[in-house]
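Letters A, B, ... mirror the listed sequences (proteins, then strands); counts begin at 1.
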2 protein chains.
Amino acid sequence: MSRPPNPPATPGAPPLPMADPPPPRERADAARNRARVLAAAAKLFADRDPAGVTMDDIAKAAGIGRGTLYRRYPDRASIARALLDEHERALQEKLMRGPAPLGPGGQGGPGDDVTPAQRLAAFYAAMVELLETHVHLVLGAETGSARYETGAYAFWRLHVRHLTAEAGAPDPDALADQLLAPLAPELFRSQRERGIGIDRISASLEVLAYGVLGGPTGP
Amino acid sequence: MSRPPNPPATPGAPPLPMADPPPPRERADAARNRARVLAAAAKLFADRDPAGVTMDDIAKAAGIGRGTLYRRYPDRASIARALLDEHERALQEKLMRGPAPLGPGGQGGPGDDVTPAQRLAAFYAAMVELLETHVHLVLGAETGSARYETGAYAFWRLHVRHLTAEAGAPDPDALADQLLAPLAPELFRSQRERGIGIDRISASLEVLAYGVLGGPTGP
DNA sequence: GCACAAGTGGACTCCGTGTCCACTTGCTGC
DNA sequence: GCAGCAAGTGGACACGGAGTCCACTTGTGC
């Protein structure tokens, strides 16, 4: 297979379409090591308790030195984020431009009369699915309060804030956070470990969505 | 002042009314040191970032050795819990036996026709007040997932589960956790630091309560 | 193939945790 | 009082993870 022409030099760089002034290339050995790191980290996060994985574990598993690991990833969270990024971006894309009820619709398509409550419920369902697949990574990326500082969280908040405002709820700024809280990865894991399936979690979140933003059983 | 006849030897002991077979007493110096530890820890938790307070900090601030500190409190969380206990117990008491709408009423008093939604809203308001006063301690006691393992959380869950079941909501087990999630201390702190006042937080939680469990603006 | 910058890796320091044990001190029975 | 002893004390110690630094290696452009 051919090498992609311009692999991004920094993992967290914003996805500008083109034209970075100096595209400094990435050396072949560096690229190889990055791939090793991500593969090793993914396995470690999945196998053990994500919070217990150390930088040394990852370096050893990837077969590189600690210094090399620190060169690109300043901490465990940044590695987890790198692994998570593409999945989150895909969901964000669907939210912004995808078909209803997850996306806005509005092209004269089938979802033009979708309510904010329906969109929130769809968002909940999508997030639950994402969590089910990648809780390890989310837990590896965010410990406690750090969650609320991440760019991803800011995006989810903006989205939910928009939906609540559209539904006419008072104080969307305060409500958005509170509607996002049930998606906290620690809570999700706790519920799953107590034997609550994702179908029940999603259904329950649907009750929440329709109750607060209005719908079949709401105002 | 006179010394209380039988100070509890272990901080986390259940509050049985009387009759522990061997009440081993507590030596005067031990009691003095315990008081010092709690006072010093309370100050440290309030002053700095609670997660950044170390056992050594507390020992030094209390003027005792590390070994002495570890003798009674195996980790920072247990100290925070000891400081938090009485406040949480007071609230639990009100929830179980206090007047409506926080407590159940039912004595032919003024709160006999109180709805589950009203009681949930009252619970939210009380918890917000408790958080406002003691976020430091709650954050010192629970880091991330640990929250869901504590006895206090189990109590809150039981209470909310009961209210949701009473309101006829489907799957109270799943819903109870999700209704408690907005009270996560990290979220509370994040909201407060973004300039959202406790009145707005409480009002927003009230919307949540009435939306999900029914009420003026609910089903 | 040469020069140089990018990349590598392991040794090192710093800090917090938790344990251990020789010493001290308060309590109790006489 | 005071002797004996268990409870209590405190600091030294080992351990492990985070993050830094720098001498060496390797890939790449010319």
Sorted by chain and residue number, the side-chain contact (heavy atoms from CB on, under 4.5 Å) partners of B:D199 (sequence neighbours excluded) come out as none
With sugar-phosphate taken as primed atoms, P, OP1 and OP2 and all else as base, the protein-contact string of nucleotides 5-12 of chain D at under 4.0 Å (heavy atoms; B, S, -) is -BBBBBB-
Please report the C-alpha distance between B:R89 and B:F155 in whole Å, then the side-chain angles of each, then the deciding distance to 0.1 Å, and finally whether the side-chain contact (heavy atoms from CB on, under 4.5 Å) criterion is met. CA-CA 10 Å; B:R89 252 193 255 280; B:F155 185 94; over 6 Å; no
Sorted by chain and number, sequence neighbours left out, side-chain hydrogen bond (donor to acceptor under 3.5 Å, both in side chains) with B:E206 holds for none
Applying side-chain contact (heavy atoms from CB on, under 4.5 Å) to B:D47 and not counting sequence neighbours gives B:K43
Residues passing the side-chain hydrogen bond (donor to acceptor under 3.5 Å, both in side chains) test with B:S78, sequence neighbours excluded, are B:D75
Residues of residues 43-58 of chain B with a heavy atom under 4.0 Å from any atom of DNA chain C, listed by number, are B:T54, B:M55
So salt bridge (charged side-chain N to carboxylate O under 4.0 Å, His left out) across residues 119-136 of chain A, not counting sequence neighbours, yields A:E132-A:R192
Residue set satisfying side-chain hydrogen bond (donor to acceptor under 3.5 Å, both in side chains) with B:Y148, at least two apart, ordered chain then number -> none
Atom OH of B:Y70 and atom P of C:dG16 are separated, to the nearest Å, by 11 Å
Contacts of A:R36 meeting salt bridge (charged side-chain N to carboxylate O under 4.0 Å, His left out) (sequence neighbours excluded), chain-then-number -> none
